[in-house]
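Values below: all heavy atoms of this structure, side chains included; hydrogens, waters and symmetry mates excluded. Labels below follow one simple rule: chain letters A, B, ... track the order of the sequence lines, proteins then strands, and each chain is numbered from 1.
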Amino acid sequence: MSKLSVGSSPHHHNQRDTGAVMRLVMYACIPGILMQTWFFGVGVLIQIALCMVTAVVTEALIVELRKKNTERVIKDSSAALAGLLLGISIPPLAPWWIAVIGSFFAIALVKQVYGGLGFNMFNPAMAAYIMLLISFPVQMTAWLPPVSLTEQSFTFIDALNTVFTGFTTDGYSIEQLRVGYDGLSMATPLDHLKTQLIEGYTVGEALSSPIMSGNWGLGWTPVALAYLAGGLLLLKLRVINWHIPVSMIGAAMATSFVLFAADSSVYGSPAFHLINGSLIVGAFFIATDPVSAATTNRGRLIFGAAIGFWIIVIRTWGNYPDAVAFAVVLMNMAVPLIDYYTRPRTYGHKAKTSSIHNNEEP
Amino acid sequence: MKMFADYDQIMERISLQNLWDFPGGVHPTQKKSLSNQTDIQRIDLPSVVHIPVKQHIGVNGELIVKEGDTVKKGQPLTTSENSFAVPVHASTSGTVVAISDHVAAHPSGLSELTVTIECDGKDSEYEYTPMSDYAQRSKGEIIQAICAAGISGMGGAGFPTHLKANNVKPIEFLIINGIECEPYITSDDRLMREHAWQIRQGIDILCHLLQPKQVLIAIEDNKPEAFETMSIACQQEDNYHVVKVPTKYPAGGEKQLIQVLTSREVPSDGLPVDIGCLMYNVGTCYAIADAVIEGKPLIERVVTITGEAVDAPQNVWARIGTPIKHLLAQAQYHSEKQSYPRIIMGGPMMGFTLSSVQIPVVKITNCILVPAAKELPLVEDERACIRCSACADACPASLLPQQMFWHSKAKEYEKAQEYNLFDCIECGACAYVCPSEIPLVHYYRKAKADIRQQQLEKEKSEKARVRFEARKDRLQREKEAREEKHRLAAEARKQSLNKDGGAAKDKIAAALARAKAKKAKQQAQLKDKPSSDE
Ligand code: SF4
Ligand code: SF4
């Protein structure tokens, strides 16, 4: 008989490896991405493709330079996922180099400089997003109004042209595209609320603009709901735990409720905050990034709740309209501390004295 | 008498079958139906048996046979006065052909002292002394019988049973473990289905010895047939409760099962008796009944031979010492179904791979698992930890496997211990779920071994240091004592000078005076006879 192979227990393994986990997260994004494309055009897909390709190529190059097993590293799909998450955060018609610079930054500087997957402190997609937002504020906030509100209809070729040259085939610039039929430059609902409030309007007045239909930001709400569906699927498949999404959304709701109750004319309602901006994507897809999130259950609750709180605070008083990226990166820094102080009680330690004591009665 | 405050609550929940849960746990595919469909088979005797002299936690017994001796089935091969030694017995009749090192049933694959018997095929029996009236016998006699039968825990730990039964602390719950939570293994399942009555007799004996208030017989809910037969066997006794436990790995772990049944936790540095519980495996109960009622030693046990690389997976009565090769032949093993031959003793979660098919069945061997090529794939290299904490979610002991792994890998053993490394029961749930396929348990074992080694060395060097210091101290003390003596002597001299200083001076003066007087006298005498030499 040939030599027996020996190995360490357990010999049984769950078949879901890291690559499978990452791919499941990507699949769960599909409904959201489709909805986003429906409302904001094929530019969404172009940005995602640009980011994913750049991220994977960057990862491959760096891993090759470090003389590691490139194929194995690429197969874990983590670079592709980081690219995808950055891609959905970039305005659909932003110039191509935004996506390329962002993805390169995410992989090369946020992830690989720290030692690659598992060693990065910050969420690569979000750190890159912040870098882009600070460096290229104009391009990064140039969200088009939902397709149905624009004057010009445009095609896939238009979108490609805009991304790569800055103009559609008919020669419109992105700024022209952003102008709605009422001649006003359109923004995202959060942007809109922010500028309107700064200009002295009340929340009620701000919400009556055509890009809003009541609380429901046109386009943004269905997108948020589609991501929610994907997120629930991830929960169901146990790819993510409930702790972060629930505590994050819960804290955001609670914070905005307190503010809204204090003065509903200057603060957005909880519902407004929930379905606008990237709170839901953030709660299910971004803050749950395992590498940079807290790792204990109690820690996850604290981590999520703090992010939810900061999102509302930054949205309300900060300079930038949406705040998921800032809040996540901020809390990434607190993770080691949170983990350390939320260690669970190990079996058999500090046993519950109430149930384990001798009863004196005969 | 109530010993613990939560007793009534526990009994209420037991009667409602509303148990507690333990954190974490996993649900690997069971694959139990591969082997539990047929009765336990009696198989042909092997041509030789290899009986390791030590098969339990504790110390060796002393050999009482030598090469060339003929032995009968059930004849003791070792004996000892030491209470931690459990004897081993010839599992069939034949001739002792060798007493030498033989590769052992141990993950290390090292060799240990083994008695090899060439079987004569007659299987003629040694004379046993039954004790059917055990209820009239003293506790000591029964425990002696259990010890003499060579029984050590058959669930896996191999702790000498008679020591555990010789307990003096009060027991609230005697827990009989019929969980068998490892996938594939069905030896306890079949034993309960076919021999519930004898298991019940073993439990009766334990009750006689331990006087527990309640007996909880715990069976996982994936074994309805075993639950049924055990319920019938135990129905006359009011304080015997057959309890259905939800299937989850590792529900059969001693600490986890106690937690599920009572919500009590065994203190980290304590034993189950500290919380009024004591646990025995169903196989051990079966063996105890044999030992006491029949006087029969532990010379065979049920072994599951399973996996997709055998054509006839089944449970067999295997004599202790049977080479694994013999069992594989019985189950029609096809090595070509494995792309790399691999044989696991125990289950897929906690079992260990064998380095040779000559390794014998021992008292704790419950399963031989031979997976086909794609069945339990070998892991590729581990990937980087993605900090997903799937491991922590799966850990039944509420440890943080990820943190223990980082520190174990970096050899930061103090930090690893801060994360309670030694509370890890090595169940493998964490490594099972790890998406990066990191052999976490392997890292923990290595870290634990290193730490133990370090502690040994520290103790050794500590002892050496103590010896060295003692010697230094002694020399120092001797030196000091010497110096002290000199000092004292000097002091005494000085003191005696000072104390009666005046007198001494007088003495000197007197002596001087005397000398002077003498001189004067001499001179006077000279003057008296002046002319003599002038
Ligand atoms: S399951 Fe594996 S990859 Fe995930 S945190 Fe634990 S050790 Fe790391
Ligand atoms: S092997 Fe240890 S760390 Fe891993 S799950 Fe089991 S008890 Fe927890």
Under the side chain to side chain donor-acceptor pair (under 3.5 Å) criterion, do Arg343(A) and Ser398(B) qualify, and how do the steps go? CA-CA 9 Å; Arg343(A) 288 187 281 176; Ser398(B) 300; over 6 Å; no
Tell me, yes or no, whether the heavy-atom count around Arg66(A) atom CZ, taken from other residues, nucleotides or ligands under 6.0 Å, exceeds 12. yes
Side chains of Asn14(A) and Val26(B): does their closest heavy-atom pair fall under 4.5 Å? no
Close side-chain approach of Tyr347(A) to Val266(B), heavy-atom, < 4.5 Å: yes
Residue among Asn120(A), Thr296(A), Ile240(A), Asn241(A) with most heavy-atom pairs under 4.5 Å to chain B: Asn241(A)
Quick one: what part of Ile344(B) sits under 4.5 Å from any heavy atom of chain A, side chain, backbone, both or neither? side chain
For a 4.5 angstrom cut-off between non-hydrogen side-chain atoms, does Asp339(A) reach Gln403(B)? yes
Quick check on Glu418(B) against chain A: is it the side chain, the backbone, both or neither that has a heavy atom closer than 4.5 Å? both
Can you tell me if Glu71(A) has over 12 outside heavy atoms packed within less than 6.0 Å of its CD? no
Taking side chain as C-beta onward, heavy atoms only, is Pro10(A) less than 4.5 Å from Met350(B)? no
Give, as side chain, backbone, both or neither, the part of Gln9(B) having an atom under 4.5 angstrom from any heavy atom of chain A. neither
Greatest number of heavy atom pairs closer than 4.5 Å to chain A - which of Ala392(B), Ala429(B), Cys388(B): Cys388(B)
Can you give me the closest heavy-atom contact between Ile343(B) and Leu4(A), atom names plus distance? CD1-CD2, 3.9 Å
Is the His12(A) to Tyr432(B) ring centre distance short of 6.0 Å? yes
Looking at every heavy atom in both His11(A) and Gly347(B), which two are closest together, and how far apart are they? CD2-O, 4.1 Å
Over all heavy atoms of both residues, which pair between Pro435(B) and Val21(A) is shortest? Give the atoms and the distance, please. CB-CG2, 4.2 Å
Which residues in residues 367-377 of chain B have any heavy atom closer than 4.5 Å to a heavy atom of chain A? Leu376(B), Pro377(B)
Honestly, the part of Ala20(A) sitting under 4.5 Å from a heavy atom of chain B is neither
Which atom of Arg387(B) lies closest to which atom of Gly118(A), heavy atoms considered: CD-O, 3.4 Å
Determine whether Thr18(A) and Glu437(B) make a side-chain contact, defined as any pair of heavy atoms from C-beta on separated by less than 4.5 Å. no
Hey, which of Asp423(B), Val441(B), Leu440(B), Thr262(B) has the most heavy atom pairs under 4.5 Å with chain A? Asp423(B)
Between His13(A) (side chain only) and Val433(B) (backbone N and O only), is there a donor and an acceptor less than 3.5 Å apart? no
Distance from Asp76(A) atom CG to Ser436(B) atom OG, nearest 0.5 Å? 8.0 Å
Give a yes or no on this: more than 12 heavy atoms of other residues, nucleotides or ligands lie within 6.0 Å of atom CZ of Phe422(B). yes
Nearest heavy-atom neighbours spanning Ser9(A) and Met349(B): CB-O, 3.4 Å
Using a strict 4.0 Å threshold on nitrogen-to-oxygen distance, state whether Arg345(A) and Glu265(B) make a salt bridge. yes
Is chain B contacted by the side chain of Val335(A), its backbone, both, or neither, given a heavy-atom distance below 4.5 Å? side chain
Only pairs of heavy atoms separated by less than 4.5 Å count here; which of Pro439(B), Gly351(B), Ala384(B) has the most with chain A? Gly351(B)
When heavy-atom pairs shorter than 4.5 Å are enumerated against chain A, which of Ser355(B), Cys395(B), Pro183(B) gives the highest number? Ser355(B)
Has Lys448(B) got more than 12 heavy atoms of other residues, nucleotides or ligands less than 6.0 Å from its NZ? yes
Counting heavy-atom pairs under 4.5 angstrom with chain A, the leader among Arg383(B), Arg445(B), Arg342(B), His442(B) is Arg383(B)
Contact class of Thr29(B) relative to chain A, heavy atoms under 4.5 angstrom: both
Distance in Å, Cys385(B) SG paired with Leu117(A) CG, rounded so as to fall on 0.5 Å steps: 8.5 Å
Could you tell me whether Asp393(B) and Arg300(A) have a side-chain N and a carboxylate O separated by less than 4.0 Å? yes
Which bit of Pro23(B) comes within less than 4.5 Å of chain A, counting heavy atoms only: side chain, backbone, both or neither? neither
With side chains defined as the heavy atoms from C-beta onward, is the minimum distance between Ile386(B) and Ser78(A) less than 4.5 Å? no
Identify which part of Tyr340(B) has an atom lying under 4.5 Å from any heavy atom of chain A, answering side chain, backbone, both or neither. both
Spacing of Ser389(B) atom OG and His243(A) atom NE2 [to the nearest 0.5 Å]: 10.5 Å
